[in-house]
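All residue numbers refer to positions in the sequence shown, counting from 1.
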Amino acid sequence: MEIFQKTEFKKSYKKLHQNQRAIVNEEIKKIIENPEIGVEKVGDLKGIFVHKFKVIDQQFLIAYSFDEVTMTLIMLGVHENFYRSVKNILK
């Protein structure tokens with residue numbers, strides 16, 4: 001499977017500390033192994049999946065989309081304004 005990253009995902013990932021990046025990397029591996037691990041959104045975000053996980057007592061979310069050949073990591077962040085930001089990215 002080919003993995004793509006949106007610019008917003010790269011920026012968020014780059015700001016993380018090394019220990020946080022290790023946890024995020026493990027979660028991305030889980031997503032690659034089973035893309036349906038996340039919850040598919042409805043309405044404006046139909047086709048977008050969101051996977052929630054903890055990073056040192058703080059909940060993070062990864063928004064992504066996938067098909068048989070590719071996966072696109074759209075955004076990484078905390079819950080505050082997350083879905084609004086994902087909508088803005090997809091416009």
Euclidean distance, Q5 CD relative to I3 CD1, rounded to 0.5 Å
9.0 Å

With clusters defined by side-chain heavy atoms of hydrophobic residues (ILVMFWY) lying less than 4.5 Å apart, directly or transitively, does F53 cluster with I32?
yes

In Å, rounded to the nearest 0.5 Å, how long is the span from CD1 of I62 to CD1 of I28?
4.5 Å

Do side-chain atoms of N81 reach the backbone of R84 as a donor and acceptor pair under 3.5 angstrom?
no

Is any side-chain heavy atom of I48 closer than 4.5 Å to a side-chain heavy atom of K46?
no

To the nearest 0.5 Å, what is the distance between CD1 on I23 and CD on Q58?
11.0 Å

Assess the residue pair F9 and I74 against the criterion (side chain to side chain contact (heavy atoms under 4.5 Å, CB included)); give the C-alpha distance rounded to whole Å, side-chain angles, the decisive distance to 0.1 Å, and a yes or no.
CA-CA 6 Å; F9 181 88; I74 299 169; over 6 Å; no

At their closest point, which heavy atom of D67 faces which heavy atom of V69, and how far apart are they?
OD1-N, 3.0 Å

Could you check whether atom CD of Q59 has more than 12 heavy atoms from other residues, nucleotides or ligands sitting under 6.0 Å from it?
yes

Rounded to the nearest 0.5 Å, what separates atom OG1 in T72 from atom NZ in K6?
6.5 Å

Side chain to side chain contact (heavy atoms under 4.5 Å, CB included) for L90 and L45? Distances and angles first, verdict last.
CA-CA 9 Å; L90 298 175; L45 297 176; 3.9 Å; yes

What residues, two or more places apart in sequence or in another chain, satisfy side chain to side chain contact (heavy atoms under 4.5 Å, CB included) together with Q20?
L16, H17, V55, I56

F60/L76 under side chain to side chain contact (heavy atoms under 4.5 Å, CB included): CA gap, chis, key distance, verdict:
CA-CA 7 Å; F60 272 71; L76 167 70; 3.9 Å; yes

How would you list, by chain and number, every residue that makes a side chain to side chain donor-acceptor pair (under 3.5 Å) with K30, sequence neighbours excluded?
E27

Which atoms form the tightest heavy-atom contact between S65 and G47, and what is the distance?
CB-O, 3.8 Å

Treating R21 as the side-chain partner and K15 as the backbone partner, does any N or O pair qualify as donor plus acceptor under 3.5 Å?
no

Would you give the length of the straight line joining atom CD of E8 to atom CD1 of I89, rounded to the nearest 0.5 angstrom?
4.0 Å

Ring pair (Phe, Tyr, Trp, His ring centres under 6.0 Å) partners of residues 64-91, not counting sequence neighbours, each pair once
F49-Y64, F49-F66, H79-Y83

Determine, step by step, whether M71 and I31 satisfy the side chain to side chain contact (heavy atoms under 4.5 Å, CB included) criterion, reporting the C-alpha distance in whole Å, the side-chain angles of both residues, the deciding distance to 0.1 Å, and the verdict.
CA-CA 10 Å; M71 177 177 290; I31 293 170; 3.7 Å; yes

Working to the nearest 0.5 Å, report the span between CG of L61 and CE of M75.
9.0 Å

